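All remarks here apply to the structure that follows.
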Amino acid sequence: MPSPRTLTCLAILPLLLAGCRSRTQDNPVGKPIAIKAPLGLPPVPVPADNPATADSVELGRRLFYDKRLSSDNSLACAHCHDPKFYFTDGLRLSKGVNDQLGVRNAPTLLNSAYMPFQFWDGRAISLEQQSVGPIANPVEMNNAKHEIFLDKLKDDAEYPKMFRKVYGSKEINLVRVEKALANFERTLLSGNSAFDRFQYGGDQTALTPAQIRGLAVFLNPAGGNCASCHTIGPKDAIFTDGKFHNIGQGVSGDGDFTDIGRYHETKVETDKGAFKTPTLRNIAQTAPYMHDGSIRTLAAVVDFYAGQGNSNPYLDPEIRKIHLSPQDRLDLVEFLNALTGDLPPNSGPPAK
Amino acid sequence: MRLKPSFALVLIAASLAGCKSKPTEPVVTTETSSAPVFYHVDAATAGSISGTLKYTGKRPTPKLIDISQDPTCVKAHKGKAYDESLVVDSKGDLANAFVYIRKGLEGKVFEVPTTTVTLDQSGCWFRPHVVGLMVGQQLIITNSDPVTHNIHSVAQINREWNHSMGPGDAPLQRKFTKPEIMVPVKCNIHDWMHSFIGVTDNPYFAVSKDDGTFKIENLPPGTYTLGVWHEKLGVQEQTISVSPKSDTPANFTYKGE
């Protein structure tokens, strides 16, 4: 039998939880739309508290391209995730306000909806959670306080109306911005690549002979062993296991890492130097490569793996299984070129 | 979960005790890390060893290495690539043998040279093929090629390591912590690339030149075991007495087919 005190505690609990949430209703209220996954991609996971509505996607798109989200109104999310570069920036390391240099290479947003973790170190577990990170980061969009950019949006003629349409009231708050951005990002899907048409579309002519050989090397555990992390499923492929692996990139001779990666989050010793497996979709369009953007070409990336990475105490054992002949390496690069998909419709800057 | 108070107290006490136990361990403070006393050679009495390595029998024909699998390598190599594992000139002189003092310097601690030793990857080739350095001496590895290489130091006594080097990457800096004759180095990407590093705890070593000669200088007078290592022909050694201020000859012969 619980004591009276326990009962009191239990009674207070919901009140406390309610206190944590904003008092407004922050879920999109319109009719949810179905986000159609292109050939080769699984259905898009959508969180229960953020159904994708046409209006929320449109709001997210507008926010995504709005430079007022940065402290000096100089850059939008699209600055580092530019559709021209398949939603990356084409740079080794990203530049924030005042050209401040970040420490990592901007990952593509295409198909990020499928990632169980966001950021190279996985410090966000949803697109919603991810979206506000760069807005606040001093070397990115540099908003010391979120109110700074929220107030700018509140002063806009259109936003209050758009927020009302999406959420049922005109209030503009951080949660609503996060959700709208995430919903737009959920529509940034790219499939129907030559590989998809070959593997899932039944088109045996979609890949060249070299690309078909490259696919075999990619899958072979004693060859490229690529699919052990860049997974290919029976019905679809997102080309990542969504996990964190140490391939030795960024390790010095003394075994120190310039960037400790996943360890930032977990503080687990063996996570030092581990980074999230990136998707390989559109990889030919998203150079340079690796979390630090240090490798310029796909051929050089394949060579890096052919050399079995850089030794360090936490090197993933899978990398030691890689054996690639010169022909394998050429074929692999050809195969990676077959992973370029269609760009999603309605993903560019919105009409004024 | 609810705990009985008495049990909880026991747990707390136990955990506190657990916290306490560590700091009470004695701290070792004996000063074993005092600076070593380096041995200094008396230049007035120092001698040297010089000699030639010979290979008897039929001169092995230089073996052509096929590097055509990587066209960039072919271009970078500038000319044909010949195997360097057994290089003998027309007079039977043997190159690429590592000559070093194996015994006779026990108890002497030599200062590590501040000079660096460079291993370059150029034309998809390790240059030089055989190189020596002291324990703790800085090895600098450079990539002069427009392709990615991989330096795989297949050490047995030292730590084995493997590192990728892209075109234009900053040089790698490495050191070895223990003497090892020899540390094979290979490239996991270009399987014809090989080099050998001799790591010694004294500064008395040399690699035989194309004319088979070698010279080891500034040696304190004494009796030594001079060792030779060759990647294909194996090891040899001889005892040699070095007199003050004189050059002592030491020749080695490997029997070929």
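Remember, predicted model here, so these are calculated numbers, not experimental data. Numbered from 1 within each chain, the chains take letters A, B, ... in sequence-line order.
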Q.
Would you say CD1 of I125(A) has more than 12 non-hydrogen atoms from neighbouring residues, nucleotides or ligands within 6.0 angstrom?
A. no
Q: Please say whether more than 12 non-hydrogen atoms of neighbouring residues, nucleotides or ligands are located less than 6.0 Å from CG in D210(B).
A: no
Q) Would you find more than 12 non-hydrogen atoms of other residues, nucleotides or ligands less than 6.0 Å from K243(A) atom NZ? A) no
Q. Should the heavy atoms of other residues, nucleotides or ligands under 6.0 Å from NZ of K267(A) be counted, would the total exceed 12?
A. yes
**Q.** Which atom of R329(A) lies closest to which atom of D70(B), heavy atoms considered
**A.** NH2-OD2, 4.5 Å
Q. Has R296(A) got more than 12 heavy atoms of other residues, nucleotides or ligands less than 6.0 Å from its CZ?
A. no
**Q.** Shortest non-hydrogen separation from N162(B) to G309(A) and the atoms involved
**A.** ND2-O, 3.2 Å
Q | Which atom of D303(A) lies closest to which atom of T148(B), heavy atoms considered | A | CB-CB, 3.6 Å
Q. Going from CG on D169(B) to CD1 on I295(A), what distance comes out if it is rounded to the nearest 0.5 angstrom?
A. 8.0 Å
Q) Which pair of heavy atoms, one from Q69(B) and one from P326(A), lies closest together, and at what distance? A) OE1-CG, 2.8 Å
Q.
Need one label for N150(B): side chain, backbone, both or neither, based on atoms under 4.5 Å from any heavy atom in chain A.
A. side chain
(Q) Between I189(B) and chain A, with a heavy-atom cut-off of 4.5 Å, which part of the residue counts as in contact: side chain, backbone, both or neither? (A) both
**Q.** Segment of H149(B) engaging chain A (4.5 angstrom heavy-atom cut-off)
**A.** neither
**Q.** Gap between atom OG of S311(A) and atom NE2 of H152(B) - 0.5 Å precision
**A.** 7.5 Å
Q | Within 6.0 Å of CD in E106(B), more than 12 heavy atoms from elsewhere | A | yes
Q | Rounded distance (nearest 0.5 Å) linking atom CG of N312(A) with atom CH2 of W161(B) | A | 13.5 Å
